[in-house]
Amino acid sequence: MNPKGVQTMETSNPTRVTVQAVIHAPVEKVWAYWNEPEHITKWNHASDDWHSPWSENDLRPGGKFTTRMEAKDGSAGFDFGGIYDVVKLHEQISYTLGDGRKVDIFFTADGGSTKVVETFDAENTFPVEYQQAGWQAIMDNFKKYTEQN
């Protein structure tokens, strides 16, 4: 409430953005490739001039994860990480990023395929469309990697 007692709208509610893909692989394989560091480093990049040289993952509620994302030419990079809030085997992963944003990922088995739906809180630095395109590009790389290996 403001000083005059009038309730004001909360302006810190983040924009939620969703990316998704249907992976032509069983949920057990999709889950493993999404979560195991030796696989994460193979697909976790939005463009071919970036890569993830290393990843650590303690997949359990309260566990931490970090993946290093950097330009192959060394001109830029950052650690992407957070703490898991929910881990339901082959179904759901929810986590909080270091800056407080939330991410929810749902895995839905459908025969020999798995639908992966990832929803994240957008940050305020880059346009939402740019963020969605980047996260979708990573999802598309995951799909390609998982289906080809």
Side-chain angles (χ1 to χ4, degrees), residues 10-149:
E10 178 62 47
T11 56
S12 65
N13 289 339
T15 299
R16 301 281 290 164
V17 181
T18 299
V19 298
Q20 61 186 320
V22 174
I23 317 301
H24 299 290
V27 69
E28 296 82 5
K29 179 181 179 181
V30 170
W31 182 268
Y33 279 36
W34 187 270
N35 293 300
E36 294 173 4
E38 63 266 27
H39 294 295
I40 293 168
T41 58
K42 305 285 194 300
W43 59 262
N44 194 28
H45 54 277
S47 63
D48 289 339
D49 55 341
W50 278 68
H51 68 150
S52 291
W54 60 266
S55 180
E56 297 174 349
N57 194 12
D58 182 10
L59 186 63
R60 62 180 176 82
K64 295 180 182 181
F65 70 93
T66 306
T67 298
R68 179 67 184 170
M69 301 178 81
E70 59 186 39
K72 288 181 179 177
D73 67 5
S75 63
F78 60 94
D79 291 343
F80 181 84
I83 298 175
Y84 291 109
D85 301 311
V86 177
V87 177
K88 293 181 183 174
L89 183 65
H90 301 158
E91 292 179 18
Q92 178 187 356
I93 298 170
S94 296
Y95 58 83
T96 302
L97 293 168
D99 62 8
R101 293 183 297 132
K102 302 282 188 180
V103 179
D104 300 299
I105 308 149
F106 292 92
F107 301 79
T108 306
D110 184 12
S113 294
T114 305
K115 184 176 185 180
V116 180
V117 178
E118 182 175 31
T119 302
F120 64 94
D121 293 344
E123 44 91 354
N124 296 321
T125 304
F126 297 100
V128 170
E129 297 79 12
Y130 181 83
Q131 295 175 64
Q132 184 171 25
W135 285 57
Q136 186 65 55
I138 293 170
M139 178 73 74
D140 294 345
N141 282 337
F142 172 74
K143 173 183 170 66
K144 181 180 176 184
Y145 172 77
T146 303
E147 291 177 351
Q148 290 179 349
N149 291 283

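From a predicted model like this one, the values you see are computed outputs, not experimental measurements.
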Validation row: [X], [Y] side chains within 4.5 angstrom (heavy atoms):
| X | Y | value |
| --- | --- | --- |
| Ser52 | Arg68 | no |
| Arg16 | Asp104 | yes |
| Val117 | Thr108 | no |
| Ile93 | Leu59 | yes |

Backbone of Gly81 reached by a side-chain donor or acceptor of Thr66 within 3.5 Å: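 Such a contact is absent between Thr66 side chain and Gly81 backbone.
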
Under 3.5 Å, is there a donor-acceptor pair between the side chain of Asn149 and the main chain of Tyr145?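 Such a contact is found between Asn149 side chain and Tyr145 backbone.
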
Identified side-chain contact (heavy atoms from CB on, under 4.5 Å) partner of Ile138 from the options Glu118, Lys143, Met69, His45: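 Exactly one option meets the side-chain contact (heavy atoms from CB on, under 4.5 Å) with Ile138, and it is Met69.
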
Please work out which of the three classes, parallel, tilted or perpendicular, describes the rings of [Y] and [X], given edges at 30° and 60°.
| X | Y | answer |
| --- | --- | --- |
| Phe107 | Trp34 | perpendicular |
| Phe65 | Tyr84 | tilted |
| His39 | Tyr33 | parallel |

Looking only at side chains, do Ser94 and Gln92 share a donor and an acceptor under 3.5 Å apart? yes

Tell me whether Phe80 at atom CZ has more than 12 heavy atoms from other residues, nucleotides or ligands lying less than 6.0 Å away. yes

Is it the case that atom CG in Asp110 sees more than 12 heavy atoms from other parts of the structure closer than 6.0 Å?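 At most 12 heavy atoms, drawn from other residues, nucleotides or ligands, come within 6.0 Å of this atom.
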
